[in-house]
J.: 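I have a structure here, written as structure tokens, and I will follow up with some questions on it.
The basis for the numbers below is simple: all heavy atoms, side chains too, and nothing from hydrogens, waters or symmetry mates. Naming: A, B, ... by sequence-line order, numbering from 1 per chain.
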Amino acid sequence: MLDEIFDNFSKNSIFKNKRTLQANYTPEVIRHRESEIKQIASILAPSLRLEKPSNLFLYGVTGTGKTLSVKYVVSQLLEKAKTGGFNLRIIYINCKLKKVADTEYRILAELLSALGKKVPETGLPTDSLYKQFIEIVNEEDQLLILVLDEIDQAVDKIGDSLLYNLTRLDSSLKGSQISLVGISNRLTFVDTLDPRIKSSLSEEQIVFHPYDAVQLKDILTQRATEAFKEGVIGDGVLDKCAAYAASEHGDARRALDLLRVAGEIAEREGGNVLEMKHIDQSEQKIEKDSVLDIVKSQPKQFQLTLLSIIENARNYNGTAFYTGDVFEKYSSFCQEARAKQITQRRISDIIGEFDMLGLITTKVISRGRGGKTREIRLAINKSLVEKVEGILRDNLSV
DNA sequence: CGAGATTCATGTGAAGTATACCTTTAGGCTTAA
DNA sequence: AAGCCTAAAGGTATACTTCACATGAATCTCGTA
């Protein structure tokens with residue numbers, strides 16, 4: 001019985017090579033980023049003579065090819081370094097991943113494990129991680145390029161001590177040198193930094209502008225011809241994808257995701273043509289999945305808080321509500337679920353974190369004599385909210 | 001009527017606590033010379 | 001005497017609590033026109 005399914009599946013696939021649509025895929029030719037790539041390359045090029053390249057900072061909203069461009073240049077560099085016998089090392093870290101790299105300690109731990117050194121996830125003093133890091137780097141003379149993706153998020157959360165320490169690391173290194181490549185979504189990011197860090201970090205800057213619809217279409221076409229078999233893409237599908245993404249400030253990653261998921265949906269339906277309707281379905285599915293992933297990965301107290309927010313959002317039906325309301329609801333949920341109750345102080349912080357995650361929007365307002373508080377609104381659409389609520393209730397048995 | 005004081009409900013910062021985990025160290029036991 | 005194991009001691013990060021002060025506009029108070 002299953003044989004049939006499997007056979008059908010492999011035979012009728014509309015994909016030729018799905019990998020080319022995945023986020024971490026680096027195509028051989030990167031379109032519409034030639035000048036940026038050249039700039040990055042020329043800035044990092046001194047590393048091939050084992051000279052320290054300037055620290056570099058890249059800006060641009062999500063999906064404008066920052067990460068891709070850097071990775072591309074880096075892989076080329078490594079190749080050159082290998083044939084030339086240089087001792088060049090490049091480490092890429094995404095600072096955004098919750099539970100992996102959202103504190104100074106954890107980012108350092110990540111850094112060390114990239115260098116092949118396992119460190120415990122708690123218990124060690126942070127300086128000792130710096131010490132270990134310096135030790136490893138000093139083992140042999142080398143040039144280290146550190147790519148920190150999404151550092152704006154990290155700095156928002158943990159302050160700039162990490163960057164400060166990293167920029168000052170040079171002095172304790174003997175034969176080796178470190179260059180930093182920071183990647184940020186927010187253009188205003190460096191302005192929030194301590195001036196000392198700012199000057200040393202942003203020796204060079206490159207801004208990535210969003211793709212326009214035509215460029216997006218071009219990119220999609222390029223990838224799609226690699227990814228799909230011939231003739232499976234219906235009329236106007238790529239245009240629609242591009243248009244969608246262009247309206248989302250030119251986010252190419254989103255466009256590619258859209259196309260890939262649409263392909264998967266079409267395939268599962270057993271059809272052999274990718275049609276417009278699949279794009280619509282895909283759009284919903286992507287949003288749903290990403291929100292659900294975030295929600296599921298939250299710790300218990302966060303989930304309880306979120307559930308209280310949802311409950312309040314229903315009661316207030318669109319109008320905003322306040323921290324006090326959420327805490328009250330939260331308290332009753334805690335009793336119901338027999339969970340340990342957390343203080344309002346902490347709930348306030350948690351609400352702030354949900355705001356950062358984009359699940360809700362908040363605004364600190366003063367209600368005059370009614371005091372000062374956060375005005376909270378859910379930022380998820382209705383059908384999704386029900387789904388989320390279901391999961392949460394299930395999970396927490398409330 | 002209007003300037004200044006008061007007030008409310010919570011934001012926000014700093015310091016403290018509990019827990020889980022890590023390294024170091026000292027003591028005790030075993031082994032081998 | 002050397003080697004190995006174990007448990008206690010001393011230390012840290014993290015998530016949370018406690019304490020204390022900061023906010024800022026609506027509202028109140030009271031002197032003045």
J.: Could you check whether A:S128 gets within reach of a base, just the sugar-phosphate, or nothing at all, counting any heavy atom under 4.0 Å?
T.: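 No contact.
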
J.: Among the candidates B:dG11, C:dT14, C:dT17, find the nucleotide nearest to the side-chain atoms of A:I342.
T.: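 Nearest to the side-chain atoms of A:I342, counting from C-beta on, is C:dT17.
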
J.: Among C:dC19, B:dT10, C:dT14, find the nucleotide with the atom closest to the side chain of A:R106.
T.: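 Of the options given, the side chain of A:R106 lies nearest C:dT14.
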
J.: For A:E104, report the nucleic acid contact type (base, sugar-phosphate, nothing); a contact means any heavy atom under 4.0 Å.
T.: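 Nothing, no nucleic acid heavy atom in range.
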
J.: With a cut-off of less than 4.0 Å, is there a side-chain N or O of A:S348 near OP1 or OP2 of B:dG11?
T.: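 Answer yes for this pair, as a side-chain N or O of A:S348 is under 4.0 Å from OP1 or OP2.
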
J.: In terms of side-chain heavy atoms of A:T343, which of C:dT14, B:dT10, C:dT18 is nearest?
T.: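 The answer is C:dT18.
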
J.: Consider the side chain of A:K372, meaning its heavy atoms from C-beta on, and name the nucleotide among C:dT18, B:dG11, C:dA15 that approaches it most closely.
T.: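 The closest nucleotide is B:dG11.
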
J.: Of A:R223, A:E226, A:R19, which is the lone residue that meets side chain to side chain donor-acceptor pair (under 3.5 Å) with A:Y25?
T.: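 One option only clears the test, and that one is A:E226.
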
J.: So what does A:E121 hit on the nucleic acid, given a heavy-atom distance under 4.0 Å: a base, only sugar-phosphate, or nothing?
T.: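 Answer is nothing: A:E121 stays at 4.0 Å or more from every strand.
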
J.: Compare the minimum distances between each of B:dT12, C:dA13, B:dT10 and the side chain of A:R374, then state the nucleotide with the smallest one.
T.: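 Output: B:dT12.
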
J.: Run through the side-chain heavy atoms of Ile, Leu, Val, Met, Phe, Trp and Tyr, join any pair under 4.5 Å, and report what else lands in A:I365's cluster.
T.: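 Listed partners: A:Y322.
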
J.: If you apply the rule salt bridge (charged side-chain N to carboxylate O under 4.0 Å, His left out), what do you find for A:D280 with A:K240, and how did you get there?
T.: CA-CA 9 Å; A:D280 293 323; A:K240 183 159 190 179; 3.1 Å; yes

J.: Ignoring hydrogens and angles, are the base of C:dG24 and the side chain of A:R369 linked by a donor-acceptor pair under 3.5 Å?
T.: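 Per atom types, no contact qualifies.
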
J.: Consider the side chain of A:R345, meaning its heavy atoms from C-beta on, and name the nucleotide among C:dC16, C:dC19, B:dA20 that approaches it most closely.
T.: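 Nucleotide nearest to A:R345's side chain: C:dC19.
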
J.: Would A:R33 and A:Y211 count as a cation-pi pair here, with the cationic atom under 6.0 angstrom from the ring centre and within 45° of the axis?
T.: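 Relative to the ring axis of A:Y211, which defines the angle, A:R33 lies inside both limits.
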
J.: Where the side chain of A:L124 is defined as all heavy atoms beyond and including C-beta, which of B:dC22, C:dC16, C:dA15 is the nearest nucleotide?
T.: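 Taking heavy atoms from C-beta onward, the closest nucleotide is B:dC22.
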
J.: Nearest to the side chain of A:R367, which nucleotide is it out of C:dT18, C:dG24, B:dA9?
T.: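 Nearest listed nucleotide: B:dA9.
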
